[in-house]
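First up is the structure itself, then whatever we jot down about it.
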Amino acid sequence: MLAQEVGMSSDNDKSVARRNFLRTSLSLIPAVTLSGSVLATGDTDAKRNPSSETPADARPYQPTFFKPLEWAFLLAACDRLIPADDIGPGALESGVPEFIDRHMQTPYASGDIWYRQGPFIDSLSEFGYQGRLALREIIQIGIAAIEKYCLAEFSGKRFSDLTAEQQTDILKAAEGGKLELEDISAKLFFSQLLAETRNGYFSDPLHGGNKNMGAWKMIGYPGMRADYLDWVGVRDRAYPLPPVDLSGKRG
Amino acid sequence: MATIKKKVDAVIVGMGWTGAIMAKRLTDEGLHVVALERGPDRDTQPDFAYPRVVDELEGSVHRRFLQSLGQETFTIRHGINDTAVPFRQMGSFKPGTGVGGAGAHWSGCHFRPLPEDMNFRSSMAERYGSKFIPDDMTIQDFPVSYKELEPYLDHYEYVCGTSGKAGVINGVVQQGGNPFEGSRSREYPLGANADYLGAEMFHKAAREMGYHSYPIPASNASGPYVNPYGCQLGPCNFCGFCSDYGCLNYSKASPNACILPVLRQRKNFELRTHAHVLKVNLDDEGKQATGVTYLDAEGREVEQPADIVLLCAFSLFNVQLMLLSGIGKPYNPETGEGTVGKNYSYQNLNRVVLFFNKDVQANGFMGIGGGGATFDDLNGKQLDNAAAGFVGGGIIWARQPGAGPVRGIPVPSGTPAWGSDWKRAVADSFRHTFYFEVQGACMSYRQHYLDLDPQYRDAFGRPLLRMTFDWHNNEIKASQFLVDKALQMSRVLNPRAMTGESKKEGARYNATQYQSTHTCGGAIMGDSPSNSALNRYLQSWDVANVFAIGANAFPQNNGYNPTGLVGGLAYWAADAICKQYLKNPGPLVQA
Ligand SMILES: Cc1cc2nc3c(=O)[nH]c(=O)nc-3n(C[C@H](O)[C@H](O)[C@H](O)COP(=O)(O)OP(=O)(O)OC[C@H]3O[C@@H](n4cnc5c(N)ncnc54)[C@H](O)[C@@H]3O)c2cc1C
Ligand code: SF4
């Protein structure tokens with residue numbers, strides 16, 4: 001077995017317990033108070049495991065873009081899209097919701113690099129999205145539409161109140177275009193939400209996600225080393241160095 | 001009222017590869033040159049400095065170095081009876097902006113054309129009879145031969161520090177190079193780059209299939225190098241952030257690293273950035289350009305008078321500027337009349353991904369933009385087109401410009417896109433996967449062209465450029481033929497899984513997925529004003545002091561990446577301007 005991979009799996013063992021804790025405590029919290037409770041959860045977690053990998057400065061993130069109900073949706077959906085398991089960290093402990101909250105406030109999410117003049121004509125999928133919404137609007141309108149759907153279909157329950165199985169089914173239906181939503185195409189919303197979740201999971205921790213470079217360690221990505229001349233001819237060993245991020249931190 | 005600047009000898013629109021080449025040659029000659037670039041200034045330091053430049057979110061998602069579509073874009077449709085819609089988000093091709101243009105963040109595959117690519121129509125007709133060429137296929141010969149261009153292609157490689165292995169020098173075949181290439185006057189300036197695993201495996205599979213593989217000529221320096229202008233390059237370290245990124249290392253050839261260090265010191269050269277050219281101004285008769293009008297950083301109109309106008313704004317924008325300015329007659333696909341916009345073509349690209357077990361250290365995160373392995377056994381004269389059943393050939397290659405997880409991790413087909421199964425697949429695949437690609441020629445057709453959109457406008461109120469393009473049976477057949485060969489080759493290597501398909505019958509052009517920025521044609525060069533917008537020196541047939549430099553000049557696309565030929569043509573045109581035009585301003589070819 002390769003040294004690095006041994007290292008990775010022992011990392012995993014350590015964090016699985018923490019992940020399970022995070023997951024169960026999150027699912028016990030009523031959705032409406034979730035954003036407040038995450039703060040409490042984080043604190044409790046840090047206190048119980050003083051030696052856990054959570055650094056002291058990892059104060060729970062307070063969303064500034066998403067409203068509390070949207071935030072509850074996002075936490076639940078991200079947990080479904082990239083769950084914690086023994087393969088690697090989940091979206092929640094990786095800070096993906098924080099990434100998305102921050103990313104929504106960039107010029108990118110407001111559509112600055114997209115052509116946004118009308119007329120907006122329905123066309124073939126080969127020509128890409130032809131609507132008028134920017135990314136951040138797609139996400140917000142999509143969340144509201146799914147919540148509305150849940151309230152109607154699950155007798156007043158919100159997405160985050162549903163079982164993991166029900167949530168998965170809804171996301172799958174959205175992905176496959178089988179979910180009919182008001183105002184927005186479920187498929188469009190889903191594809192953007194998934195893209196944002198992956199961006200947050202895999203991009204540099206500088207942007208708020210990929211905490212402790214956990215996603216990079218999972219796949220064996222050396223991050224921002226950007227210097228491999230000495231390794232390009234090596235065939236018999238796995239690349240040995242752990243990742244570094246843009247701030248120069250080692251994973 | 002526009003501010004009017006002092007007249008200069010030449011004004012250049014765009015400071016990418018072609019702009020820098022023209023500026024160098026013309027200032028060598030003592031001309032006073034002003035270059036107008038719509039984007040910001042850029043240089044290795046500080047713009048491409050480590051570590052900020054290797055931020056994947058900014059480079060590959062925010063597309064920091066690319067043109068913003070918020071300002072201007074294109075509209076696209078498949079057929080002449082469809083309504084075109086805007087290219088709202090960057091997809092199948094990615095124009096650059098800022099000093100260096102796309103040449104600052106290209107990959108570096110640096111091919112020359114094959115001799116038969118230059119007289120393509122005649123060589124097809126000679127081999128198979130002119131009936132072999134479908135009626136609506138408007139392919140033409142380039143009005144210049146490989147032999148004439150050789151010294152210019154050679155010079156460009158020496159400016160770039162191209163790393164490779166020659167296949168034929170002065171008619172003598174060399175071991176390890178491409179035995180099918182046109183004869184070259186000397187070796188590449190630098191030896192080939194090291195092979196990563198995927199390239200090594202490619203050579204192995206190619207050998208077993210009887211193909212003559214060779215290292216892709218790469219303008220990513222394999223060692224320290226000083227180019228003929230005294231600009232220095234250092235060895236590429238396979239950083240993995242090549243395509244879409246500026247080089248952190250002075251290793252990738254770019255206008256910024258290879259030419260601008262000289263230009264910036266010249267008193268007869270002035271570079272104005274954030275200068276967006278709106279149109280070329282013509283005299284009352286429309287026969288002579290008087291200069292250009294641009295918007296400065298604050299959006300004020302400025303007029304720059306000049307004796308010569310060089311359009312170096314990238315193939316598509318060169319065509320748009322000609323149409324907006326009334327240079328030449330717009331092409332009409334119904335009647336076949338007019339030449340500006342005619343023969344738009346693209347490139348035919350497909351990918352096959354090979355997945356291996358964990359003991360195969362492919363390490364896709366190590367990358368080099370232009371390096372790798374390829375062969376020409378299915379390209380040019382080597383391909384029996386009659387047997388294959390299509391016009392044009394292509395190359396299969398292993399290329400690994402660098403794979404980061406934000407750019408997407410390929411997984412075997414059937415894997416879900418999220419959840420634990422997806423996580424397991426990305427963890428298993430990331431370091432144990434590489435890909436082969438098929439890059440094929442793309443023919444030009446009567447109904448594929450560029451014109452001005454009747455409906456959509458850019459941020460300055462000008463009509464967007466409209467693209468009418470779709471895949472034809474010929475290109476679909478070519479894709480099927482070449483991908484099939486790539487799959488056969490891949491099977492030799494016994495991967496645990498493979499993904500990759502050719503274009504299926506009836507496939508439509510999809511503008512949402514990146515294919516390549518090898519858009520060609522629209523203002524093509526030819527031997528007569530009836531079949532082309534430009535003469536053999538890339539000079540407008542209609543307005544003799546306007547030259548349009550770029551892949552817009554290609555009557556159709558060959559199997560290679562375009563920039564080696566684009567640079568060669570730029571030096572060829574610059575030489576004609578200096579040696580012929582300046583002495584006797586006017587048409588260089590009599591119509
Ligand atoms: C990601 C990527 C990878 C590539 N890889 C390869 C490769 O491996 N091999 C290869 O052969 N080719 C490659 N290419 C293509 C290659 O980059 C182009 O062929 C080449 O840069 C074209 O040079 P150019 O001078 O015509 O245009 P550019 O280099 O694009 O320069 C044009 C300049 O004009 C400016 N401009 C445009 N309009 C205006 C205006 N109205 N006013 C003022 N300025 C204007 C632009 O901002 C730009 O700076 C790649 C392209 C991309 C995007
Ligand atoms: S791969 Fe090489 S040439 Fe490309 S950006 Fe990195 S160091 Fe530069």
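By convention in this document, chain letters (A, B, ...) are assigned in the order of the sequence lines, proteins followed by strands, and residues within each chain are numbered from 1.
The most heavy-atom pairs under 4.5 Å with chain A, out of B:Leu57, B:Val406, B:Thr512, come from B:Leu57. Looking only at heavy-atom pairs under 4.5 Å with chain B, the residue among A:Ala91, A:Gly233, A:Gly118 that has the most is A:Gly118. Across B:Pro86, B:Ala84, B:Ser68, B:Pro235, the residue that shares the most heavy-atom pairs under 4.5 angstrom with chain A is B:Pro86. Chain B forms more heavy-atom pairs under 4.5 Å with one residue of A:Arg235, A:Arg116, A:Met224 than with any other, namely A:Arg235. Between chain A and the options B:Ile76, B:Val85, B:Thr73, heavy-atom pairs under 4.5 Å are most frequent for B:Val85. When each of B:Val54, B:Thr83, B:Asn237 is scored by its heavy-atom pairs under 4.5 Å with chain A, the top score falls to B:Asn237. Heavy-atom pairs under 4.5 Å with chain A peak, among B:Arg52, B:Glu58, B:Arg77, at B:Arg77. Put simply, of B:Val61, B:Val426, B:Asn363, the one with the most heavy-atom pairs under 4.5 Å next to chain A is B:Val61.
For CG of A:Asp122, the number of neighbouring non-hydrogen atoms (other residues, nucleotides, ligands) closer than 6.0 Å is 12 at most. A:Lys187 NZ: 12 or fewer foreign heavy atoms inside a 6.0 Å radius.
Heavy atoms of A:Thr197 lying under 4.5 Å from chain B are absent altogether. Residue contact with chain B, scored on non-hydrogen atoms closer than 4.5 Å, involves the side chain of A:Tyr108 exclusively. For A:Asp227, the parts lying near chain B are the backbone and the side chain together; criterion is any non-hydrogen pair under 4.5 Å. Interface residue A:Phe120: backbone and side-chain heavy atoms are both found under 4.5 Å from chain B. For a residue to count as touching a neighbouring chain, one of its non-hydrogen atoms must lie under 4.5 Å from one of that chain's; by this rule B:Ile409 touches chain A with the side chain only. Only the backbone of B:Ala403 comes within contact range of chain A, judged by heavy atoms closer than 4.5 Å. For B:Asn193, no part lies near chain A; criterion is any non-hydrogen pair under 4.5 Å. Contact annotation for A:Leu194: only side-chain heavy atoms (C-beta onward) come within less than 4.5 Å of a heavy atom of chain B. When heavy atoms are compared at a cutoff of 4.5 Å, A:Leu206 approaches chain B solely by way of its side chain, counted from C-beta outward. For chain B, no part of A:Pro107 is nearby; none of its heavy atoms comes within less than 4.5 Å. Looking at B:Leu248, only its side chain comes within 4.5 Å of chain A, counting heavy atoms on both sides. Contacts of B:Ser92 with chain A are absent, with no heavy-atom separation under 4.5 Å from either backbone or side chain.
Residues B:Phe356 and B:His432 keep their aromatic ring centres 6.0 Å or farther apart. Aromatic rings of A:His103 and B:His62 (six-membered ring for Trp) have centroids within the 6.0 Å cut-off, being under it. Remark: aromatic rings of A:Phe202 and A:Trp216 are distant, center separation not under 6.0 Å.
No side-chain heavy atom of A:Lys217 sits under 4.5 Å from any side-chain heavy atom of A:Pro242. Using a 4.5 Å heavy-atom cutoff, the side chains of B:Ser420 and A:Asp85 are in contact. Within the 4.5 Å cutoff, the side chain of B:Met90 has no heavy atoms near those of the A:Ile113 side chain.
Judged as a side-chain hydrogen bond (donor to acceptor under 3.5 Å, both in side chains), and not counting sequence neighbours, A:Lys178 has no contacts.
Using modelled atom types, one finds a donor on one side chain and an acceptor on the other under 3.5 Å when comparing B:Asp453 with B:Thr75. Residues A:Asn199 and A:His207 bring no donor and acceptor atom of their side chains to less than 3.5 Å of each other.
Judged by distance alone, the side chain of B:Ser429 and the main-chain N or O of B:Ala425 form a donor-acceptor pair under 3.5 Å. The closest donor-acceptor contact from the side chain of B:Gln320 to the backbone of B:Pro463 lies under 3.5 Å. Counting only distance, with no hydrogens or angles, the side chain of B:Thr468 and the backbone of B:Ile80 share no donor-acceptor pair below 3.5 Å.
In this structure, B:Arg399 is not positioned above the aromatic face of B:Tyr196 in the sense of NZ or CZ being under 6.0 Å from the six-membered ring centre and within 45° of the axis.
Below 4.5 Å, heavy atoms of chain A meet heavy atoms from B:Cys239, B:Phe241, all part of residues 239-246 of chain B.
With salt bridges taken as basic N to acidic carboxylate O contacts below 4.0 Å, none links B:Glu200 and B:Lys204.
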